[in-house]
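A short worksheet on the structure shown next.
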Amino acid sequence: MSQVRVRFAPSPTGFLHIGGVRTALFNWLFARQQQGVFILRIEDTDQSRSTDESIQAIIEGMKWVGLDWDEGPFRQTERMDLYRAHAMKLLETGQAYWCVCKAEDLEARRKEAEAKGLSPRYDGRCRNVKLAGQPGDAALRFKARQEGQTVIEDLIKGRVVFDNAVVDDVIILRSNGYPTYNFSVVVDDALMGITHVVRGDDHLTNTPRQIPIFEALGFAVPRFGHLPMILGADKTRLSKRHGATSIMAYKDMGYLPDAMVNYLVRLGWSHGDQELFTRQELIEKFSWDHVQTSAAVFNPDKLLWMNAEYIKMSPPSEVAQALAPHLEQAGLKDELRTVSNEWLAQLVVLVKERAKTLADMVEWVRPYFGQGATFEVDAAKKFLTPATAPLLQKLLTRFEALPSFSKLVWEDSFKKFVEEEGIKMGALAQPVRVALTGRTASPGLFEVMEILGRERTLVRLKAGIEHAKTNQA
RNA sequence: GUCCCCAUCGUCUAGCCUGGCCUAGGACAUUGCCCUUUCAAGGCAGUAACACGGGUUCAAAUCCCGUUGGGGACACCA
């Protein structure tokens, strides 16, 4: 069999959304598995809705999730001659005809048909009129076969049969000379040698319109695969009111691209009970017959869990790198400059089990920048009290006697002190925690001391003691 | 309205094609317990589903038909 060639063909009318990424992902996985070619094609024939910013957003989004393409991006507006030439070919061979019906009239007739309970399809008024030459503002329609059936052997849905009688004559060239979607896709898919057209479920009924055009043009008909839709919690098509749908919004919220990919691929595809997959595993294990046939509800909770898994298992240095922009945005730009990559990676290790997103992580990590700690009011009020001050002072004296920091030694010293004083661990640990981090919740105390280093640990302890002495209970 | 697709825990799904191993498995969420210097993480346990009705068969989540329900398409949008 010849080489697999697949494509992702979004229209640039907004940001790149989650559904689009999933469609791209399935195409990409198949291409990589089959050592095929993955093509990016921008379907911008609707001049009024397409924007260059959207094209940039698509490219940016694809790059962020790491779906690289082998050819393109092609823009349909740069291929107009091709569509016109093929449309003329259909006209010459009698497989297309000019239609002078006005858009408003068509609309009115559609409404009328609908009111009568009929299908609102084109009534074929201009089909046999045989207008000579191109009338002024006519559109070109494809003369679709009315008898027989069009059969799709869908990669995902299996055999789907349409009666040709339900397919009307679609416009292939608008009166302004621009091709319509149903025509430009066919020409492009054929000319680009696409072997497998994999797209959303919502295109399933377009397929019986497109197959006859491939045939009329003398092109080989590709295989088709129709992916089920992604729905919101209320089981309607995923849209803004279900929350963020732009892929880049997830980047901003602190999701890792690998987690997004893993979540999205599991939404509609499975490999037994396995939940977590590396990219390489996905490429190896992907197969059409385990793609779900029914729509899936997007579940932000599971995405969040998966992101947490990726934060835990990704190399800390990589997480640190992804975290840096979030830190800058949180106003820690100057602080960030003073620390090393190694230290930041170490900090990630400290908090990675607590943060579910990079945005979360920023808050977990914040107390370890800068010389002093900022005490949370309630935390300080509860734990940095005049009663605890002497205890903290004694601990400080002990620590000051230890010339260099060693986690084991300091921990040992701390525990012995607790024992000698005959107090509970928590009675000392919480005040110390607040002194060192300003908060009641943090990673292990001795890990915190380690990341702060000896000097800052002592400085913060002192500041905590001062605060405790003057605390009005 | 017409055509098309779909139907297993709240959600994602395994099992369905090639009926018995299904007293239906896993994951997220949720509940309880354990661990514990806090918060997490982790461990253990629990609640929870074959839409309904008919067939076929010794046997049906699995095959067939119907009903109901959901989704999609029906543009000079893509």
Side-chain angles (χ1 to χ4, degrees), chain A residues 9-13 43-46 48-50 99 101-103 106-107 110 113-122 137-141 152 154 157-158 160-163 165-168 170-176 178-182 184-185 200-209 226 228-229 231 233 235-237 263 266-276 289-290 292-306 308 312 351-356 364 379 383 414-415 418 424-430 432-434 437 439-446:
Chain A
S11 62
T13 55
E43 312 225 318
D44 58 347
T45 55
D46 184 350
S48 61
R49 299 200 309 154
S50 300
C99 172
C101 297
K102 293 272 169 294
L106 289 170
E107 179 68 28
R110 255 199 304 277
E114 222 163 331
K116 284 190 204 158
L118 299 171
S119 173
R121 48 200 288 272
Y122 179 59
D137 56 351
L140 194 64
R141 281 189 191 270
I152 304 163
D154 196 275
K157 307 269 186 194
V160 182
V161 181
F162 290 88
D163 279 330
V166 306
V167 180
D168 57 1
V170 291
I171 289 179
I172 57 178
L173 231 47
R174 299 178 173 101
S175 50
N176 67 4
Y178 281 82
T180 56
Y181 163 76
N182 275 118
S184 54
V185 250
D201 222 344
D202 47 341
H203 285 292
L204 186 55
T205 51
N206 278 326
T207 307
R209 297 158 173 273
H226 291 93
M229 302 271 86
L231 310 177
K235 305 240 182 188
T236 62
R237 201 181 179 140
Y263 176 73
R266 277 288 289 106
L267 197 59
W269 175 82
S270 60
H271 184 78
D273 288 337
Q274 190 171 350
E275 296 286 351
L276 271 11
D289 42 69
H290 282 92
Q292 196 74 5
T293 49
S294 52
V297 174
F298 182 79
N299 183 349
D301 277 341
K302 189 155 186 179
L303 204 211
L304 192 62
W305 166 79
M306 194 162 278
K312 278 184 278 182
V351 301
K352 67 179 185 177
E353 268 149 32
R354 285 153 248 261
K356 291 188 188 296
W364 275 105
F383 294 107
F414 187 101
K415 286 184 172 161
V418 166
K424 282 192 167 180
M425 182 74 177
L428 183 63
Q430 281 306 78
V432 171
R433 188 183 314 281
V434 175
T437 70
R439 304 177 183 180
T440 55
S442 82
L445 229 39
F446 308 104

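Keep in mind that the numbers below use all heavy atoms, side chains included, and drop hydrogens, waters and symmetry copies. A, B, ... follow the sequence lines: proteins, then strands. Residue 1 opens every chain.
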I'd like to compare against my own output: the B/S/- annotation of nucleotides 1-6 of chain B with a strict under-4.0 Å heavy-atom distance to protein.
B-SSSS
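The phosphate of A78(B) has OP1 or OP2 within less than 4.0 Å of a side-chain N or O from Thr45(A). At the phosphate of A14(B), OP1 or OP2 sits under 4.0 Å from a side-chain N or O atom of Gln292(A). Proximity of Lys235(A) to the phosphate of U11(B): a side-chain N or O atom is located under 4.0 Å from OP1 or OP2. For A41(B), the OP1/OP2 oxygens have a side-chain nitrogen or oxygen of Lys356(A) closer than 4.0 Å. The side chain of His271(A) contributes no N or O atom lying less than 4.0 Å from OP1 or OP2 of C12(B). Checking the phosphate oxygens (OP1, OP2) of A75(B), a side-chain nitrogen or oxygen of Arg110(A) falls inside 4.0 Å.
Of all heavy-atom pairs between Asp201(A) and Met229(A), the closest is N-CE, 3.7 Å. Heavy atoms only, all atoms of each residue included: Lys312(A) and Glu353(A) are closest at CD-CG, 3.9 Å.
Side-chain to base pairing of Asn206(A) with A78(B): one donor and one acceptor N or O lie within less than 3.5 Å of each other. Ser442(A) contributes no side-chain N or O that forms a donor-acceptor pair with the base of C39(B) under 3.5 Å. Put simply, the side chain of Glu275(A) and the base of G26(B) share a donor and an acceptor less than 3.5 Å apart. If you check distances only, the side chain of Arg354(A) does reach the base of C39(B) with a donor-acceptor pair under 3.5 Å.
In this structure, of G72(B), U37(B), A78(B), it is U37(B) that holds the atom nearest to the side chain of Arg433(A). Here the side chain of Asp273(A) is nearest to one of A41(B), A73(B), G25(B), namely G25(B). Which of G42(B), C12(B), U37(B) sits closest to the side chain of Lys312(A) comes down to G42(B). For Glu353(A), the listed nucleotide lying nearest its side chain is A41(B); candidates were C76(B), C28(B), A41(B). When distances are taken from the side chain of Thr180(A) to each of A78(B), C39(B), U11(B), the shortest belongs to A78(B). Between U38(B), C28(B), A14(B), one nucleotide has an atom nearer to the side chain of Asn299(A) than all others, and that is C28(B).
Taking atom CH2 of Trp305(A) as the reference point, atom P of G26(B) lies 14 Å away to the nearest angstrom. In this structure, CG of Leu276(A) is placed 12 Å from P of A27(B), rounded to the nearest angstrom. Per the geometry, CZ belonging to Arg121(A) stands 10 Å off C1' belonging to C74(B), to the nearest Å. The distance between atom CG of Leu445(A) and atom P of A40(B), rounded to the nearest whole Å, is 17 Å. If you take CD of Glu107(A) and P of C76(B), they are 8 Å apart, rounded to a whole angstrom. Leu428(A) has its CG atom 13 Å from the P atom of U38(B), to the nearest Å. Distance Asp202(A) CG to G72(B) P: 9 Å, rounded to the nearest Å. Rounded to a whole Å, the CH2 atom of Trp269(A) is 17 Å from the P atom of C12(B).
Both distances falling under 3.5 Å, in either a Watson-Crick or a G-U wobble arrangement, place G1(B) opposite C74(B). Searching all strands for a Watson-Crick or G-U wobble partner of G42(B) with both distances below 3.5 Å returns C34(B). For C58(B), the paired nucleotide is G20(B), the pair qualifying as Watson-Crick or G-U wobble because both relevant distances are below 3.5 Å. A14(B) is unpaired under the criterion used here, namely a Watson-Crick or G-U wobble arrangement in which both key atom distances are under 3.5 Å. Shown here, A49(B) forms no base pair; nothing in the strands shown gives a Watson-Crick or G-U wobble contact with both key distances under 3.5 Å.
Here the straight-line distance linking atom CD of Gln430(A) with atom NZ of Lys424(A) works out to 13.0 Å at 0.5 Å rounding. Met306(A) contributes atom CE, which lies 12.5 Å from atom NZ of Lys356(A) (distance to the nearest 0.5 angstrom).
A salt bridge is absent between Arg141(A) and Asp168(A): the closest approach of a Lys/Arg side-chain nitrogen to an acidic carboxylate oxygen does not fall below 4.0 angstrom.
Residue Arg439(A) is out of contact with every strand shown, counting any heavy-atom pair closer than 4.0 Å.
Take the nearest nucleotide of RNA chain B for Thr13(A) and for Gly268(A): the residue whose nucleotide is more 5' is Gly268(A). Mapped onto RNA chain B by nearest heavy atom, Gln430(A) and Arg209(A) fall at different nucleotides, with Gln430(A) at the one closer to the 5' end.
The same atom, P, is picked in U8(B) and in A14(B); the two are 10 Å apart, to the nearest Å. A78(B) and U18(B) are spaced 41 Å apart, taking the C1' atom of each and rounding to whole Å.
Under a 3.5 Å cut-off, the side chain of Asn206(A) and the backbone N or O of Asn182(A) do not form any donor-acceptor pair.
Residue Phe383(A) is tested with Leu428(A), Val432(A), Thr440(A) for a side-chain contact (heavy atoms from CB on, under 4.5 Å); the sole match is Thr440(A). If you run ring pair (Phe, Tyr, Trp, His ring centres under 6.0 Å) between Tyr263(A) and each of Phe298(A), Trp305(A), Trp269(A), only Phe298(A) comes through.
A 4.5 Å side-chain heavy-atom check between Thr207(A) and His226(A) finds at least one atom pair inside the cut-off. Side-chain contact check for Ile172(A) versus Val170(A): some heavy-atom pair is nearer than 4.5 Å.
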